[in-house]
Number of protein chains: 2
Amino acid sequence: MKPTTLKDLSRHLSLSTSTISRALLNHKNIHPETRKRVLEAAEMLGYQPNTTALNLRYGKSKSIGLVVPEMVTPFSANVLKGIQAFLNNIGYKVIILVSDESPDTERDNLTLLERFNVDGIILNLCHETYNQALYAQIMERGTPIVFFDRIPGNALDVSKVIVNDHIQASLMAEHLISTGCKRIVHLMGPPTVRNATERAAGYQRILVKHGIFDPELMVKTHGTTFGHGKEAVKELLKKGIAFDSIFAFTDTLAIGAMNYLLEQGIRVPEEVAICSFSGTELSTSVFPQLSSVEQPLKEMGEAAARLLMDKIQDSSSDSRTLVLDAKLIYRGSTARGSGKH
Amino acid sequence: MKPTTLKDLSRHLSLSTSTISRALLNHKNIHPETRKRVLEAAEMLGYQPNTTALNLRYGKSKSIGLVVPEMVTPFSANVLKGIQAFLNNIGYKVIILVSDESPDTERDNLTLLERFNVDGIILNLCHETYNQALYAQIMERGTPIVFFDRIPGNALDVSKVIVNDHIQASLMAEHLISTGCKRIVHLMGPPTVRNATERAAGYQRILVKHGIFDPELMVKTHGTTFGHGKEAVKELLKKGIAFDSIFAFTDTLAIGAMNYLLEQGIRVPEEVAICSFSGTELSTSVFPQLSSVEQPLKEMGEAAARLLMDKIQDSSSDSRTLVLDAKLIYRGSTARGSGKH
DNA sequence: CTGAAAGCGCTAACAG
DNA sequence: CTGTTAGCGCTTTCAG
């Protein structure tokens with residue numbers, strides 16, 4: 001019932017605990033014969049090192065926190081996979097906490113993680129600046145933070161991993177134009193997250209270049225849920241603003257918008273083509289399936305985990321920014337003849 | 001930089017560490033004045049108890065594992081919320097691991113959690129019997145397991161929380177019939193999970209009762225993804241089996257099926273009504289929105305966490321089975337006149 | 001090559 | 001009411 005300890009082995013073999021420890025750790029100064037005996041006994045008695053004791057000894061908790069804005073979409077779950085692929089192997093536990101797009105909940109989550117004594121935190125934030133001071137404090141107190149996806153304003157010197165938002169947004173805009181779209185709506189993300197401004201800028205640059213930019217088509221939203229997508233496009237229709245396509249900040253906005261259009265009897269992609277940024281199964285779970293910029297989420301997670309371990313192992317190591325490459329995937333939601341309408 | 005310890009406070013105030021400890025823990029025998037001084041100093045020096053030390057002292061890790069079959073849908077995320085709502089408050093960390101519907105990965109996950117020295121495990125399993133022996137071993141070694149949603153065959157005496165699958169499936173079948181459906185397909189879940197057989201039985205009972213049961217309409221699937229839903233309905237169409245509605249084991253099967261039908265130009269719900277079991281945002285993220293049995297996922301999580309804590313605190317406490325109440329929500333996917341077709 | 005002893009940070013008898 | 005001591009399980013000097 002009670003787990004076997006070093007002391008148990010020590011009694012069992014009439015050896016000191018230090019010898020047992022050395023044998024188990026494959027230390028230099030240990031008689032091969034002794035080592036063998038110890039290993040056998042350990043095996044027999046089902047010895048498992050007590051991780052808590054090790055943690056105390058080494059002054060680590062061997063756990064890290066992952067804080068994400070939402071878990072309605074599988075976005076974070078995919079990132080988690082990457083993180084775990086890297087960290088579980090080296091004995092690290094990951095504790096995931098969801099902020100529900102609220103900077104205040106994010107605060108609570110970070111505070112909780114500090115109480116949990118995590119060795120580090122991987123964070124996808126809710127608001128570019130709101131909690132900056134807290135991030136700084138936490139890091140000063142000795143817990144490194146690595147950011148991904150939504151990163152903080154550049155006042156902070158931190159490691160982060162992002163994708164090439166501007167370029168991919170540009171390419172997606174080009175794609176829409178190449179299929180004959182002229183009135184391209186952009187459903188913007190929250191102005192408080194960097195990706196949103198980057199994607200909007202990419203979109204705008206291309207539309208300007210083609211001489212079809214119209215500020216009326218840059219639509220502010222009030223969040224990133226299905227509901228927000230629906231509201232935004234409802235508003236457009238109400239205002240009577242004509243459009244033949246939508247490029248949304250996220251899957252969720254795109255899907256919310258698309259479903260509302262379908263509800264109104266508007267055909268996708270024939271009357272309105274739709275696309276967005278993704279990297280999750282969500283884009284293929286609707287009909288028509290969404291064309292989207294697929295982000296390498298698992299890789300993002302692995303990269304973030306790697307950067308975090310660098311910081312944990314050497315707190316003075318340089319901060320690094322990794323820019324990963326996303327790629328466009330064309331699906332049914334933008335599949336129409338290249339002619340107009 | 002280095003965290004403040006009891007010893008630091010002890011030096012600072014010239015008191016023994018035990019007095020400090022007592023003051024902080026609000027023990028009986030402590031002079032109010034001393035207590036005040038200690039509390040102030042602790043505040044000032046930013047003292048935070050070292051959880052690892054506490055864990056070692058109390059012989060706990062203050063962490064539990066949550067093992068789930070998938071994270072593509074927000075099902076598990078919702079359950080996680082409930083678990084955390086209960087456990088984070090009492091200082092428990094939860095470590096979530098995903099089995100990807102593979103019993104072997106589930107084994108790995110459980111093994112990893114044992115290595116992590118978790119105090120208990122909450123498990124939504126992949127296969128009713130495959131890992132039974134392992135569950136028993138883990139519990140024997142002292143780590144309690146509580147099951148939810150998909151529970152093991154009844155050879156095991158364990159706490160579990162489920163919903164009233166049979167009844168709800170029956171009610172959903174009645175609903176379809178009340179809207180005029182006569183050829184109701186059931187997309188079955190894996191025969192290796194209890195809920196699947198329960199839901200199928202509920203469906204069958206009602207169809208038999210109404211004299212419209214046809215074994216051809218009980219369709220086996222090869223999994224529970226969008227793809228499996230699509231394959232199943234594709235097969236039905238190929239075989240030329242007529243049907244006017246589908247009741248699916250899960251959201252994902254229903255959505256996969258629905259999207260394929262829409263792709264084929266078949267109208268939902270006019271030509272085929274669709275519904276399923278859910279409890280997540282997925283059912284409202286498609287068009288038309290899915291009628292479904294909404295399970296109280298957060299409550300499931302809370303209940304499971306509560307049952308687990310019972311076992312952690314007293315390993316000899318009785319196992320309990322909680323049956324929660326789900327409820328039907330009617331949405332667009334089954335909204336048609338009550339007449340035929 | 002092995003053992004004794006100290007210590008990671010904390011709590012809880014046990015004395016006083 | 002406070003201090004001393006021991007101990008949770010493990011590693012690592014330091015002696016031998």
Side-chain angles (χ1 to χ4, degrees), chain A residues 1-39 41-42 45-63 91 114-119 141-143, chain B residues 1-39 41-42 45-63 91 114-119 141-142 312:
Chain A
M1 200 71 212
K2 266 216 162 315
T4 310
T5 69
L6 279 195
K7 210 194 261 177
D8 296 330
L9 291 177
S10 149
R11 264 193 298 268
H12 189 77
L13 297 170
S14 309
L15 283 170
S16 75
T17 56
S18 17
T19 302
I20 310 279
S21 172
R22 275 189 285 253
L24 260 17
L25 295 181
N26 206 357
H27 250 279
K28 31 238 123 219
N29 294 330
I30 188 87
H31 193 96
E33 177 58 27
T34 318
R35 200 170 111 68
K36 190 157 149 282
R37 281 179 58 219
V38 172
L39 258 35
L45 300 183
Y47 171 77
Q48 290 281 105
N50 179 316
T51 48
T52 310
L54 289 174
N55 291 345
L56 180 59
R57 183 69 239 278
Y58 289 122
K60 300 211 180 273
S61 71
K62 280 279 203 167
S63 66
E114 266 199 303
R115 283 226 313 277
F116 282 166
N117 284 171
V118 295
D119 296 340
R141 287 194 283 260
T143 309
Chain B
M1 201 70 211
K2 266 215 163 315
T4 310
T5 68
L6 280 196
K7 210 194 262 176
D8 295 331
L9 291 176
S10 149
R11 263 193 299 266
H12 188 77
L13 297 170
S14 308
L15 284 170
S16 76
T17 57
S18 18
T19 302
I20 310 278
S21 171
R22 275 188 288 252
L24 261 17
L25 294 182
N26 207 356
H27 250 278
K28 31 240 123 218
N29 297 328
I30 188 88
H31 192 96
E33 176 59 28
T34 316
R35 201 171 110 68
K36 190 156 150 281
R37 281 179 59 220
V38 172
L39 257 36
L45 299 183
Y47 172 77
Q48 290 282 104
N50 180 316
T51 48
T52 309
L54 289 174
N55 292 345
L56 181 59
R57 183 71 240 277
Y58 290 123
K60 300 210 180 273
S61 70
K62 281 279 202 164
S63 66
E114 267 199 301
R115 283 225 314 274
F116 283 165
N117 284 174
V118 295
D119 296 341
R141 286 194 284 258
I312 289 176

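Bear in mind the structure is a predicted one, so any value in this text is a computation, not a measurement.
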Residue pairs, two or more places apart or on separate chains, that pass salt bridge (Lys or Arg N to Asp or Glu O under 4.0 Å) and touch residues 5-19 of chain A: A/Asp8-A/Arg11

Min side-chain heavy-atom separation A/Leu9-A/Thr5 under 4.5 Å: no

Interatomic distance, B/Asn50 CG vs D/dC8 P [rounded to whole Å]: 18 Å

B/Asp119 side chain vs B/Lys60 backbone, donor-acceptor pair below 3.5 Å: no

Whole-Å distance separating the NZ atom of A/Lys60 from the P atom of C/dG9: 14 Å

Sugar-phosphate only, base, or nothing, as touched by A/Leu56 at under 4.0 Å among non-hydrogen atoms: base

Nearest-Å distance for atom pair CG/C1', residues A/Leu13 and C/dG3: 15 Å

Full working for side-chain hydrogen bond (donor to acceptor under 3.5 Å, both in side chains) between B/Ser21 and B/Ser18: CA-CA 5 Å; B/Ser21 171; B/Ser18 18; over 6 Å; no

Spacing of A/His31 atom NE2 relative to C/dG3 atom C1', expressed in whole Å: 17 Å

Sugar-phosphate, base or nothing in reach of A/Pro3, heavy atoms under 4.0 Å: nothing

Protein-nucleotide distance (A/Arg37, atom CZ; C/dT2, atom P), rounded to Å: 9 Å

Nearest-0.5 Å distance that lies between atom OH in B/Tyr47 and atom CD1 in B/Ile20: 9.5 Å

Heavy-atom side-chain proximity of B/His12 to B/Leu45 below 4.5 angstrom: yes

Comparing A/Gln48 and B/Arg35 on DNA chain D - which has the more 5′ nearest nucleotide: B/Arg35

Side-chain N,O (B/Thr19) to OP1/OP2 (D/dT2) below 4.0 Å: no

Spacing of A/Asn50 atom CG and B/Leu56 atom CG [to the nearest 0.5 Å]: 6.5 Å

Atom-to-atom span, NZ of B/Lys36 to C1' of D/dC1 - whole angstrom: 18 Å

Protein-nucleotide distance (B/Ile20, atom CD1; D/dT4, atom P), rounded to Å: 13 Å

Touch class at under 4.0 angstrom, heavy-atom based, for B/Thr52 against every strand present: nothing

Per-nucleotide protein contact string for nucleotides 11-16 of chain C (B base, S sugar-phosphate only, - none; heavy atom under 4.0 Å): BBB---

Any B/Lys7 side-chain nitrogen or oxygen under 4.0 Å from OP1 or OP2 of C/dG7: no

Rounded distance (Å) that lies between atom C1' of D/dT13 and atom CG of A/Asn29: 13 Å

